[in-house]
K.L.:
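Here you go, one structure.
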Amino acid sequence: MAGTVSSTTSSLASELLLNKIMNGQVQTSTGKSVTAAGRAVANRLSSTAYELRTAEKNMAYGEGFVTAAQGEVSGLKDQLTSMKKNLMDVYNNQAANGTDFKNAGVAAKEAFAQYSAALNGAKYNGQALFASATKMALNAGNGLTISVLGDNLKTHASAFTQLKTAVTAVTDKAKASAALTAIDNAISVLEGYEAKYGEDIKALQNRQLLLADQGASLDSTAAAQSVASLSGAS
């Protein structure tokens, strides 16, 4: 995730000025070239600017990561909603018999297998979204870190285990009713994750905007101010 983001026209001009300072090509108001002291200041400014841009890029990566997780969760919720509808059709059919419920249970079991595969295989940029309970810590600039995800969705909620058991056991109306309750519980869990990820995305976006503003401010003013502060340097 290390790297820099594209500079604006004003920041490019400031970077050129920083490079001139570092190379001794800028003179102070006394007509003397900025030497070691000026280059030290320029190095600090460049380091700070690089950190801000790297942190801004990290926030963008984190936003993409969490957005992917939110999209996967929404897709899983849609799968469960479809599973619920198919089971409800049989449940509400007054003429449904034992065979109908068994077939509905088989269909629900197959749907759960697809759901489970998506849950276990979901990735972003080659990185598993729900494989670990360890949070991903991102450098957020100024010595701060922001952690994203960190919930092992596969094992975090017993609702998913209960769902698997319930859809496998559907053989009659009573068991179909239990399966429908389990589906509703799992959907509720996923809706909670959707909301949580939405909040995380907003936090990452806000931090990204703040970093961009700080970087732009540094690029547009720091170089000129550092030259002015070195008047009379030898």
Side-chain angles (χ1 to χ4, degrees), residues 1-19 21-22 38-77 119-157 189-227 229:
M1 293 183 288
T4 59
V5 293
S6 300
S7 301
T8 61
T9 302
S10 62
S11 64
L12 280 174
S14 297
E15 287 174 6
L16 289 174
L17 181 54
L18 282 171
N19 288 334
I21 294 172
M22 295 175 72
R39 285 193 290 274
V41 171
N43 279 326
R44 288 197 297 272
L45 292 172
S46 295
S47 177
T48 301
Y50 180 83
E51 180 186 4
L52 289 173
R53 291 176 187 138
T54 301
E56 184 182 353
K57 188 174 182 180
N58 288 344
M59 295 304 98
Y61 180 87
E63 181 188 348
F65 193 83
V66 180
T67 298
Q70 187 183 49
E72 288 290 341
V73 165
S74 296
L76 293 171
K77 188 183 73 173
L119 185 65
N120 287 290
K123 293 182 178 180
Y124 175 75
N125 198 28
Q127 186 172 359
L129 288 170
F130 309 118
S132 174
T134 302
K135 290 186 177 182
M136 180 173 67
L138 300 171
N139 169 22
N142 300 325
L144 300 176
T145 58
I146 288 182
S147 297
V148 296
L149 295 184
D151 291 315
N152 190 344
L153 193 58
K154 293 182 295 182
T155 59
H156 181 73
V189 170
L190 293 175
E191 287 175 340
Y193 276 101
E194 272 187 318
K196 176 183 180 298
Y197 294 157
E199 293 175 357
D200 290 345
I201 289 169
K202 288 180 181 178
L204 289 163
Q205 289 174 336
N206 289 337
R207 185 66 186 169
Q208 189 177 349
L209 289 172
L210 178 61
L211 288 164
D213 183 65
Q214 289 175 336
S217 176
L218 178 66
D219 281 338
S220 64
T221 64
Q225 288 175 346
S226 69
V227 173
S229 70

K.L.:
How far apart are the closest heavy atoms of Glu194 and Gln70, and which atoms are they?
P.N.:
O-NE2, 3.0 Å
K.L.:
Kindly give the heavy-atom pair with the smallest separation between Leu129 and Tyr124, and that separation in Å.
P.N.:
CD2-CB, 3.8 Å
K.L.:
How many angstroms lie between CG in Asp200 and CD in Glu63, if you round to the nearest 0.5 Å?
P.N.:
11.5 Å
K.L.:
Taking all heavy atoms of Val73 and all of Leu190, pick out the closest pair and write down the distance.
P.N.:
CG1-O, 3.3 Å
K.L.:
Please check if the side chain of Asn58 supplies one atom and the backbone of Leu138 the other of a donor-acceptor pair under 3.5 Å.
P.N.:
no
K.L.:
Considering non-hydrogen atoms only, spot the tightest contact between Ala140 and Ala55 and give its length.
P.N.:
C-CB, 3.5 Å
K.L.:
Is there a side-chain contact between Ile201 and Gln205 (heavy atoms, below 4.5 Å)?
P.N.:
yes
K.L.:
If only atom types and distance count, is the side chain of Asn206 paired as donor or acceptor with the main-chain N or O of Lys202 below 3.5 Å?
P.N.:
yes
K.L.:
For the residue pair Tyr197 and Tyr193, categorise the inter-ring angle as parallel (less than 30°), tilted (30 to 60°) or perpendicular (more than 60°).
P.N.:
tilted
K.L.:
Evaluate the side-chain proximity of Arg207 to Leu210: yes if any heavy-atom separation is below 4.5 Å, no if none is.
P.N.:
yes
K.L.:
Rounded at 0.5 Å granularity, tell me how far NZ in Lys57 sits from CG in Leu211.
P.N.:
14.0 Å
